[in-house]
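What follows is one structure encoded as structure tokens, with my remarks underneath.
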Amino acid sequence: MELNLLERAIYSLAPRMALKRHMARKALDVVLAYEGASHGRRTAGWTKVSSASANTEARPAIAILRERSRDLARNNVYGLRAITMITNSMVGGGIRPVFKSKSQAKTRALNDLWQEWGEDDVQADYDGQGNIYALQGLIARMVAESGECVVMRHFVKNPRKRIPLEIQVLEPDHIDSSRDSHRRQYGQPFSCLGIAFDGCGKRSGYWLYDVHPGECVAMGESKLHPADGVIHVYRRDRAEQIRGIPWLAPCVLRLKDLDDYEDAQLLRQKIAACFCAFVTDVEGNVSGGIGEDDDFGKLEPGRIDTLPPGKQIAFSSPPGAENYDSYTRQVLRGIAVGTGITYEMLTGDYSQVNFTSGRMGKGDFWPNLDVWQWQMFAPQALSKIGRWFLDAAELAGYDTKGVRIEWVPPRRELVDPTKEIPAMCKSVRSGFTSRQQTIRELGYDPMIVMDEIAEDNDLADEKGLVLDSDPRRTNNGGQSQAKTMNEGNRRDDNGDDGNEEKSE
């Protein structure tokens, strides 16, 4: 970059100042090389930008976003649909544990305990209203709707319960956000947005109200609960973020504007429908109009009237909803993108979907689902609940040493089972994946499936049944395995492998 006339003049008088000016101009040119960093007509109104931390930005907005997100989930059908589809996809009927241990007896004992505590009864729920999978769904829904969820552990003494553990799900309003230390000293404990940290910056506890702040009773002062007895589930979108933001936050205005637009269109059609017919007097007679002495003002289907001389009738043309479908479809696509689901999942409209596009849409959604399940829900909620369960089982006298837990998500519905199931079979037969992994992908516990298959086979043998579904008896073509083996043995005895041609 050459010096201009002014810079040359400054250079002759103050070389250091000229150098600073020259370097500043070069830096400015580098910045303005990015159109997004330029200042001009296109970016004149782009003023709501911030370089603050995630927690600083969330501090004034988190309560308002939470309230508006809940209102949309209550009163907006698409907001409710988005929250419901996220919850059902993430948890579905429940993410089930598989206990792993070198001891089969220990594994079966823990499976039986989990089934008694978490599945068959409401022992796991502090409020006694649902099983552990209902609590999973409640946590997932609260995370999507309110941005975060709080789960508390309670050890109880109840002779009717073999596992002395109950889990309580709380809304994030229980966190006392006023516990906020604006002045921090290095190496000293502090609190930020209701979460307590030790001198090393690790979470040490949560400031929680005993009563929901929205209840019509005195909630009292918040209390500090140790972090090892509290689960805090939320989606981390930025580094050092400690509170969750509702998932509808990018779509709040779109959902509200679409709601207002639909109301305006409905009101427009109602007003237009009120004007059905107009009678005019071409002779200018102001008295004795139609509708005064007769019942012409009331229209009925199939009615025929004779107009008096000089009277004319004209029917109104109600305005149509121009571009209503295309506009709403485009807005709903944006809302679907903002919530991380597909347009078809948001609207239930599959009129423009075929097999290929449907599978491509699912292929775009499944990575989002994997992130929600295995980078948020599993490490923050499931692993801690599993650890609490093992701790409670150990307190009850059960051996949990060397036990680990694997979680099996709900099955993903196949787009075309007639094509996908044979592909799974070929993958297992080729050794590209294990049978157990394939069963897990379908949402089942491999050990339970294997036990049921063995039980079915024993029962069929006992009854003397030969079923086409039993590969021990029949092959894929429906032929008897014994017959196929005998034919193979005869070929081996004759020295013919079936691939050689006879020579003359």
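Across Gln436 and Pro446, no two heavy atoms sit closer than the pair O-CG, 3.6 Å. When all heavy atoms of Tyr133 and Pro97 are compared, the closest pair comes out as OH-CD, 3.7 Å. Among all heavy-atom pairs drawn from Gly338 and Cys251, the shortest one is CA-SG, 3.7 Å. Here the shortest heavy-atom pairing between Leu170 and Cys149 reads O-SG, 3.7 Å. In plain terms, the two heavy atoms of Asp198 and Phe190 that are nearest each other are O-CE2, 4.2 Å. Counting all heavy atoms, side chain and backbone alike, Tyr209 lies closest to Asp173 at CD1-O, 4.0 Å.
Looking at heavy atoms from C-beta onward, Arg243 lies in side-chain contact with His232 at the 4.5 angstrom threshold. In this structure, the side chains of Ile385 and Ile132 come closer than 4.5 Å at one or more pairs of heavy atoms.
A ring-centre distance under 6.0 Å is found for Tyr126 and His154. For Trp114 and Phe389, the gap between ring centers is short of 6.0 Å.
If you take CD1 on Ile95 and CH2 on Trp407, they are separated by 8.5 Å, rounding to the nearest 0.5 Å. Note that OG of Ser204 and CG of Leu224 are 6.5 Å apart. Values are rounded to the nearest 0.5 Å. We find the CD1-CG distance between Ile405 and Leu110 to be 8.0 Å, quoted to the nearest 0.5 Å. For the atom pair CD of Gln373 and CE of Met90, the computed distance is 7.5 Å after rounding to the nearest 0.5 Å. For the atom pair Trp388 CH2 and Ile163 CD1, the distance stands at 15.0 Å (nearest 0.5 Å).
A donor-acceptor contact shorter than 3.5 Å links the side chain of Ser430 to the backbone of Lys426. Proximity of a side-chain donor or acceptor of Asp125 to a complementary backbone N or O of Asp127 within less than 3.5 Å is detected. A donor-acceptor pair is defined here as one N or O able to donate and one able to accept, closer than 3.5 Å; no such pair exists between the side chain of Glu145 and the backbone of Arg141. In this structure, the side chain of Asp176 does not engage the main chain of Gly194 through any donor-acceptor pair within 3.5 Å. Of the possible polar contacts, none joining the Arg411 side chain to the Tyr444 backbone as a donor-acceptor pair under 3.5 Å is found. Listed for the Ser146 side chain is no donor-acceptor partner under 3.5 Å among the backbone atoms of Val143. When atom types are taken as modelled, the side chain of Ser89 and the backbone of Met85 share a donor-acceptor pair closer than 3.5 angstrom. Counting only distance, with no hydrogens or angles, the side chain of Thr107 and the backbone of Ser103 share a donor-acceptor pair below 3.5 Å. Side chain of Asn323 to backbone of Ser326: no donor-acceptor contact under 3.5 angstrom is found. At distances below 3.5 Å, not a single donor-acceptor pair connects side-chain atoms of Ser69 with backbone N or O atoms of Arg66.
The pair Arg238-Glu240 fails the salt-bridge criterion, with no side-chain N (NZ, NE, NH1 or NH2) lying under 4.0 Å from an Asp/Glu carboxylate O. Ion pairing between a basic and an acidic side chain is recognised when a charged N comes within 4.0 Å of a carboxylate O; Asp364 and Lys362 show no such pairing. Arg96 has a carboxylate O that lies under 4.0 Å from a charged side-chain N of Glu119, or vice versa, which qualifies the two as a salt bridge. Salt bridge Arg203/Asp228: absent, no basic N to carboxylate O contact under 4.0 Å. With salt bridges taken as basic N to acidic carboxylate O contacts below 4.0 Å, one links Glu406 and Arg440. A salt bridge links Arg412 to Asp370: at least one charged side-chain nitrogen sits closer than 4.0 Å to a carboxylate oxygen.
Checking Glu171 against His212 by side-chain atom types alone, a donor-acceptor pair falls below 3.5 Å.
A side-chain contact (heavy atoms from CB on, under 4.5 Å) with Gln136 holds for exactly one of Thr87, Asn131, Val169, Val91; it is Val91. Partner Val150 forms a side-chain contact (heavy atoms from CB on, under 4.5 Å) with one of Ile231, Val233, Ile139, Leu208 and no other, that one being Leu208.
Within 6.0 Å of atom CZ in Arg435, 12 or fewer heavy atoms from other residues, nucleotides or ligands are found, so the atom counts as exposed in its surroundings. The local environment of NZ in Lys223 is sparse, with at most 12 non-hydrogen atoms from other residues, nucleotides or ligands closer than 6.0 Å. Other residues, nucleotides and ligands contribute more than 12 heavy atoms inside 6.0 Å of the CG atom of Leu267. Within a 6.0 Å radius of CZ in Arg68, no more than 12 heavy atoms belonging to other residues, nucleotides or ligands are found.
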Requested in this report: Show the numbers, then the answer: is there a side-chain contact (heavy atoms from CB on, under 4.5 Å) between Leu165 and Arg153?
Outcome: CA-CA 7 Å; Leu165 173 66; Arg153 175 187 63 183; 3.5 Å; yes
Report task. Before giving the answer on side-chain contact (heavy atoms from CB on, under 4.5 Å), spell out for Ile439 and Met450 the whole-Å C-alpha distance, their side-chain angles and the decisive distance to 0.1 Å. Result -> CA-CA 10 Å; Ile439 294 174; Met450 297 294 184; 4.2 Å; yes
Query raised in the report: Going through the checks in order, is the side-chain hydrogen bond (donor to acceptor under 3.5 Å, both in side chains) test met by Ser177 and Arg59?
Result: CA-CA 8 Å; Ser177 299; Arg59 185 173 284 108; over 6 Å; no
Query - From CA spacing to verdict: salt bridge (charged side-chain N to carboxylate O under 4.0 Å, His left out), Glu166, Lys161 - result: CA-CA 10 Å; Glu166 291 179 351; Lys161 293 184 177 182; 2.4 Å; yes
Requested in this report: Go through the steps for Tyr234 and Ile245 under the test side-chain contact (heavy atoms from CB on, under 4.5 Å), then give the verdict.
Outcome: CA-CA 8 Å; Tyr234 67 101; Ile245 301 298; over 6 Å; no
**Report entry** Worked verdict on Gln265 versus Tyr261 for side-chain hydrogen bond (donor to acceptor under 3.5 Å, both in side chains)
**Finding:** CA-CA 6 Å; Gln265 285 288 356; Tyr261 173 74; 3.1 Å; yes
**Report entry** Working for side-chain hydrogen bond (donor to acceptor under 3.5 Å, both in side chains), residues Thr339 and Trp247
**Finding:** CA-CA 6 Å; Thr339 53; Trp247 292 18; over 6 Å; no
Report task. Would you sort out whether Asn55 and Ser53 count as a side-chain hydrogen bond (donor to acceptor under 3.5 Å, both in side chains), showing the intermediate values? Result -> CA-CA 5 Å; Asn55 302 320; Ser53 67; 5.0 Å; no
Requested in this report: Could you please spell out the steps behind the salt bridge (charged side-chain N to carboxylate O under 4.0 Å, His left out) verdict for Asp260 and Lys256?
Outcome: CA-CA 6 Å; Asp260 293 342; Lys256 184 64 171 63; 3.0 Å; yes
**Report entry** Audit row: Glu148, Arg235, salt bridge (charged side-chain N to carboxylate O under 4.0 Å, His left out) steps and yes/no
**Finding:** CA-CA 8 Å; Glu148 52 190 345; Arg235 187 182 67 186; over 6 Å; no
Report task. Check the pair Tyr78 / Thr347 against side-chain contact (heavy atoms from CB on, under 4.5 Å), numbers first and verdict last. Result -> CA-CA 7 Å; Tyr78 296 113; Thr347 62; 4.2 Å; yes
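Judged as a salt bridge (charged side-chain N to carboxylate O under 4.0 Å, His left out), the pairs with a partner in residues 213-222 (not counting sequence neighbours) are, in order, Arg179-Glu221.
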